[in-house]
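Just the heavy atoms: all of them, side chains too, but no hydrogens, waters or symmetry mates, feed the values below.
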Amino acid sequence: MAVQSVESSTTSSTPSAASRAFGPAVALSCRECGERFELGPIFACEVCFGPLEVAYELPSGDPEGLRRRIEAGPNSIWRYAPLLPVPADVADLPSLNPGFTQLVKADNLARELGVTGELHIKDDSGNPTHSFKDRVVAIAVQAARTFGFTTLSCSSTGNLAGAVGAAAARAGFRSCVFIPHDLEAGKVVMAAVYGGDLVGIEGTYDDVNRFCSELIGDPAGEGWGFVNVNLRPYYGEGSKTLAYEICEQLGWRLPDQIVIPIASGSQLTKIDKGLKELIALGLVEDKPYKIFGAQAEGCSPVSAAFKAGHDVVRPQKPRTIAKSLAIGNPADGPYVLDIARRTGGAVEDVDDERIVDAIKLLARTEGIFAETAGGVTVGVTKKLIEDGLLDPSLTTVVLNTGDGLKTLDAVAPTTGPSAIIRPTLDSFREAGLV
């Protein structure tokens, strides 16, 4: 597909079929130099090689009407179709219909952490494949349809592989996904069960990602839509729906503070983009908010750069149980630093022991079994409060992006039966359980 540059002010009075497929999206825009390109399966600026993202002409002038339209929509991300690069009839197309997951008011956890304001967990384990990745993949699938791709693919640390496999099966695509060879068994099984091809590659996620970049430029990759490479600008927009839902579920208001896990960093940057869009549209009252990034100590390149006051993120070799966050060279790392500093937030990390403790703490207090990434966000929240960086009197939202059943190995060594007894009351009493 030929790529053409377009003027920043260009709009079309008679949209083409392709542009109608992308709803309010009008172009791809370079985050670095601002150059615009026609909507297509590209992800890097031809002028400066900066990353591309979707630019919109969003509905304006009637926030109350838009709010009512959203509230009348389906209980999925498609209620926000007027703000996404998707066709107006997207809810009628084959999809897993992810989103509109629970925002849990975490009063028990708040007491444990000494939080006096509102504390909420945005629990995205309720998505179809039990992680937030269903959101981003759903948007990428719509782009893949428009561009005529026949195979869906990705490089993945686990959750994305399952999300792509499931979405492809539902939408009628072939899938072939690539993962590091040593992922958690639960994620491997979940990625393979949908019937697509699952390929383990010897090496880290960064090795897998490099391989996929090579495959895109090879004839063997012809007709393939890599959701987090050549479809990345569209894919990333799915994370905005987390911002939309949080604000709607808070009664159309911004949280004061939000704690977000960092893998590539894209989720954090898109949540910030979503919050700014809601403000610009008049859907929420404009007020300051702080964004905090959370990493595992064993893979914390963005946290290290933030603490050192650097603008450049130096790659690290991952060594952590939080494998879904184990991206040693995060593409959006510099943008995460900008957002944390601009909003008055921070980027922090916790070690594996704290991750496990936080998983158990959230399960014990709120009945939410988070995967290791959720342990990172809860553990970082606790650390931020202890260090005086997060204000416990304000409204805070903490993200749990996946289901703990996918990362059982993290807690299995220290979690099990309280006792093993004979089937008698005497044995029960002897165990000290009454």
Side-chain angles (χ1 to χ4, degrees), residues 101-116 119-132 157-159 162 182-193 259 261 294-299 318-326 349-386 392 396 398-434:
T101 54
Q102 291 188 86
L103 184 69
V104 179
K105 194 164 185 295
D107 292 340
N108 297 329
L109 179 61
R111 282 190 291 272
E112 290 269 352
L113 297 181
V115 172
T116 55
L119 178 64
H120 301 264
I121 303 294
K122 181 57 173 170
D123 185 15
D124 243 26
S125 66
N127 277 307
T129 68
H130 308 287
S131 92
F132 91 96
T157 56
N159 283 324
D182 59 350
L183 283 187
E184 301 97 333
K187 290 180 180 176
V188 172
V189 171
M190 190 168 189
V193 74
V259 184
Q295 293 203 290
E297 185 181 281
C299 185
R319 293 180 62 87
T320 174
I321 60 171
K323 294 183 179 180
S324 62
L325 304 183
D349 57 80
V350 285
D351 62 24
D352 286 355
E353 183 178 355
R354 280 203 180 205
I355 293 170
V356 173
D357 289 345
I359 291 171
K360 292 181 177 180
L361 174 62
L362 182 60
R364 174 171 59 81
T365 56
E366 300 298 341
I368 297 172
F369 184 18
E371 72 159 356
T372 47
V376 169
T377 53
V378 173
V380 163
T381 300
K382 185 174 186 291
K383 188 174 181 181
L384 290 169
I385 293 170
E386 292 169 348
T396 303
V398 179
L399 267 61
N400 171 45
T401 52
D403 195 319
L405 291 174
K406 295 185 177 188
T407 55
L408 290 173
D409 289 352
V411 294
T414 57
T415 307
S418 299
I420 296 176
I421 65 171
R422 300 183 303 278
T424 67
L425 287 173
D426 286 343
S427 183
F428 177 64
R429 291 188 178 96
E430 288 168 3
L433 299 175
V434 292

Which atom of [X] lies closest to which atom of [Y], heavy atoms considered:
| X | Y | value |
| --- | --- | --- |
| Pro392 | Val115 | O-CG1, 3.3 Å |
| Thr401 | Pro261 | CG2-CG, 3.8 Å |
| Ala419 | Ala431 | CB-CB, 4.1 Å |
| Ser324 | Ala373 | OG-CB, 3.6 Å |
| Glu366 | Asp107 | OE2-N, 3.4 Å |
| Ala294 | Leu325 | O-CD1, 4.4 Å |

What's the separation between atom [atom1] in [X] and atom [atom2] in [Y], rounded to the nearest 0.5 Å?
| X | Y | atom1 | atom2 | result |
| --- | --- | --- | --- | --- |
| Thr372 | Leu408 | OG1 | CG | 11.0 Å |
| Glu430 | Thr424 | CD | OG1 | 6.5 Å |
| Thr381 | Leu361 | OG1 | CG | 10.5 Å |

State whether the number of non-hydrogen atoms from other residues, nucleotides or ligands found under 6.0 Å of [X] atom [atom1] is greater than 12.
| X | atom1 | value |
| --- | --- | --- |
| Leu425 | CG | no |
| Arg364 | CZ | yes |
| Glu386 | CD | yes |

Side-chain donor-acceptor contact under 3.5 Å, [X] with [Y]:
| X | Y | answer |
| --- | --- | --- |
| Asp403 | Ser131 | no |
| Thr101 | Asp124 | yes |
| Lys360 | Thr414 | yes |

Side-chain donor/acceptor of Ser427 to backbone N/O of Arg422, under 3.5 Å: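 Judged by distance alone, yes, a pair lies under 3.5 Å.
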Keeping the roles fixed (side chain from Thr377, backbone from Leu399), state whether a donor-acceptor pair exists under 3.5 Å. yes
Asp349: which residues meet the side chain to side chain contact (heavy atoms under 4.5 Å, CB included) condition with it, sequence neighbours left out? Gln295, Glu297, Ser300, Ser303, Lys307, Lys383
Give the C-alpha distance, both sets of side-chain angles, the deciding distance and a yes or no for side-chain contact (heavy atoms from CB on, under 4.5 Å) between Phe369 and Thr407. CA-CA 10 Å; Phe369 184 18; Thr407 55; 5.8 Å; no
Report the residues that fulfil side chain to side chain donor-acceptor pair (under 3.5 Å) with Thr396, sequence neighbours left out, ordered by chain and then residue number. Gln257
Determine the sole option in Thr129, Asn127, Asp123 for which the side chain to side chain donor-acceptor pair (under 3.5 Å) test with Ser125 is passed. Asp123
Can you spot which of Lys323, Glu371, His130 makes a side chain to side chain donor-acceptor pair (under 3.5 Å) with Asn159?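 By the side chain to side chain donor-acceptor pair (under 3.5 Å) criterion, Asn159 pairs with just one of Lys323, Glu371, His130: Glu371.
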Applying the side chain to side chain contact (heavy atoms under 4.5 Å, CB included) test to Ile321, which of Ile359, Asp409, Val411, Val356 qualifies?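 That would be Val356; it is the only one of Ile359, Asp409, Val411, Val356 passing the side chain to side chain contact (heavy atoms under 4.5 Å, CB included) with Ile321.
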Using the side chain to side chain contact (heavy atoms under 4.5 Å, CB included) definition, which of the options Leu109, Asn108, Val104 pairs with Leu119? Leu109
Do the non-hydrogen side-chain atoms of Thr320 and Val376 ever get within less than 4.5 Å of each other?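 Heavy-atom side-chain distance check fails, nothing below 4.5 Å.
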Partner residues of Glu184 under the salt bridge (charged side-chain N to carboxylate O under 4.0 Å, His left out) criterion, sequence neighbours left out: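 Partners of Glu184 under the salt bridge (charged side-chain N to carboxylate O under 4.0 Å, His left out) test: Lys187.
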